[in-house]
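Just so it is clear: chains get the letters A, B, ... in the order the sequence lines come, proteins before strands, and each one is counted from 1. Only this structure's heavy atoms are used, side chains among them; waters, hydrogens and symmetry mates stay out.
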Number of protein chains: 2
Amino acid sequence: MAYTNAAFAALADPTRRTVFERLASGPLPVGEIARGLPVSRPAVSQHLKALKGAGLVTDRAEGTRRVYAIDPRGLGAMRAWLDQFWDGALSAFRAEVEQEHKHDD
Amino acid sequence: MAYTNAAFAALADPTRRTVFERLASGPLPVGEIARGLPVSRPAVSQHLKALKGAGLVTDRAEGTRRVYAIDPRGLGAMRAWLDQFWDGALSAFRAEVEQEHKHDD
DNA sequence: ACTTACCGTAAGTAATAACTTACGATGAGT
DNA sequence: ACTCATCGTAAGTTATTACTTACGGTAAGT
């Protein structure tokens with residue numbers, strides 16, 4: 001999917017991943033997300049913009065505040081990409097181990 | 001896991017992700033990986049070093065060449081991190097949809 | 001209407017990173 | 001011993017980016 005590129009790039013930054021993790025328990029307004037973080041609130045806004053562009057979060061207006069929530073689309077894109085390697089990598093790894101055991105004989 | 005940080009950072013770069021994808025079909029020496037890529041071979045070596053540090057690839061010496069293969073550890077760390085959100089995000093999304101359907105009545 | 005709370009964006013800065021070329025080291029073949 | 005192939009690392013450059021402060025805009029409350 002088109003989200004794969006942006007999703008990986010977005011979650012690369014530790015601060016941005018922390019922002020994302022704060023939404024795991026449920027939707028939150030920007031101020032709540034930024035509370036206690038070592039960066040300023042505008043920085044959090046910029047991170048949220050990047051996450052939104054990657055299909056990782058959605059935002060809705062609620063009065064004067066903006067509530068963000070996790071968007072499954074970006075998550076799904078990353079999962080699909082990972083699954084592309086999962087089986088192959090495991091079987092290859094298994095074959096690799098057996099190969100090394102042969103050397104032990 | 002400790003690999004989570006480095007794994008996300010490693011796969012953020014498109015070139016590096018391409019390098020990683022070339023190992024999907026099986027182990028390859030550096031020269032084979034770099035063949036046809038728009039970057040130099042030393043650049044590929046540097047990418048492989050980053051991938052190795054993230055637990056995404058392993059390397060073994062085979063004569064004068066170095067064969068790289070996909071390491072399931074980094075892949076597993078990312079999958080575990082993703083699964084941490086997967087169920088919650090889906091159920092939250094479902095609740096969100098139902099909430100909006102209520103508005104349609 | 002005025003103030004306050006909440007938020008996104010613009011501009012500028014400092015740190016990071018992806019890339020290049022140059023070089024050195026090791027193993028295979030003659 | 002010599003040459004060639006393969007690869008990792010060092011040094012330097014350029015582009016990207018994460019952050020700050022400053023500002024403007026909208027909604028709610030009095």
Side-chain angles (χ1 to χ4, degrees), chain A residues 2-23 26-71 74 103, chain B residues 3-23 26-71 74 78 103:
Chain A
Y3 282 130
T4 314
N5 262 16
F8 274 109
L11 294 180
D13 183 68
T15 303
R16 196 153 46 216
R17 213 165 49 247
T18 301
V19 167
F20 182 75
E21 288 172 353
R22 291 221 170 173
L23 299 174
L28 286 176
V30 179
E32 290 286 330
I33 301 175
R35 174 191 305 275
L37 283 188
V39 295
S40 68
R41 182 199 51 78
V44 173
S45 272
Q46 293 167 6
H47 283 311
L48 287 168
K49 186 178 183 180
L51 290 171
K52 182 181 176 184
L56 285 166
V57 301
T58 59
D59 61 334
R60 76 182 108 100
E62 190 156 314
T64 168
R65 49 186 136 202
R66 200 145 260 270
V67 178
Y68 283 86
I70 288 185
D71 185 350
H103 283 264
Chain B
Y3 282 129
T4 314
N5 263 15
F8 274 109
L11 293 180
D13 182 68
T15 302
R16 196 153 46 215
R17 215 166 45 249
T18 301
V19 167
F20 183 74
E21 289 172 353
R22 292 222 169 173
L23 298 175
L28 284 177
V30 178
E32 290 286 329
I33 302 175
R35 174 190 305 276
L37 283 187
V39 296
S40 68
R41 181 199 51 78
V44 173
S45 271
Q46 292 166 7
H47 284 310
L48 286 168
K49 185 178 183 180
L51 290 171
K52 182 181 176 183
L56 285 167
V57 300
T58 59
D59 62 333
R60 78 181 106 100
E62 190 155 313
T64 168
R65 50 185 136 205
R66 201 145 258 271
V67 178
Y68 282 86
I70 288 185
D71 185 350
M78 299 187 70
H103 283 264

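- Put simply, CG on B:Leu48 is 11 Å from C1' on D:dC7, counting in whole angstrom units.
- A close approach under 4.0 Å does occur between a side-chain nitrogen or oxygen of A:Tyr68 and OP1 or OP2 of C:dG8.
- Screening residues 26-41 of chain A for salt bridge (Lys or Arg N to Asp or Glu O under 4.0 Å), with sequence neighbours left out, gives A:Glu32-A:Arg35.
- Atom-to-atom, CG of A:Leu28 to P of C:dC7 comes out at 11 Å; the value is rounded to the nearest Å.
- Residue A:Lys49 places its side chain closer to C:dT9 than to any other of D:dT9, C:dT9, C:dC6.
- Atom CZ in B:Arg66 sits about 17 Å away from atom P in C:dA25, given to the nearest Å.
- Every pair tested for salt bridge (Lys or Arg N to Asp or Glu O under 4.0 Å) that includes a residue from residues 8-23 of chain A fails, sequence neighbours excluded, so the list is empty.
- A distance of 10.5 Å separates CG of A:Leu48 from CZ of A:Arg66, quoted to the nearest 0.5 Å.
- The interatomic distance linking B:Glu32 (CD) with D:dA5 (P) rounds to 15 Å, in whole Å.
- One interatomic measurement links the two molecules: CG of B:Leu51 to C1' of D:dG8, which rounds to 15 Å at whole-angstrom precision.
- Remark: A:Phe8 engages A:Trp81 in a ring-ring contact (aromatic ring centres under 6.0 Å, His included) (not counting sequence neighbours).
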Notebook entry, point to check: If the sugar-phosphate is the primed atoms plus P, OP1 and OP2 and the base is the rest, what is the B/S/- string for nucleotides 14-30 of chain D, using protein heavy atoms under 4.0 Å?
Noted result: ----SBBBB----SS--
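- Computed from coordinates, the B:Arg60 CZ to D:dT6 P distance equals 17 Å when rounded to whole Å.
- A search for side-chain contact (heavy atoms from CB on, under 4.5 Å) contacts involving B:Val67 returns B:Pro27, B:Arg60, B:Glu62, not counting sequence neighbours.
- Applying the side-chain contact (heavy atoms from CB on, under 4.5 Å) test to B:Ala43 and every residue at least two apart in sequence or in another chain returns B:Val39, B:Ser40.
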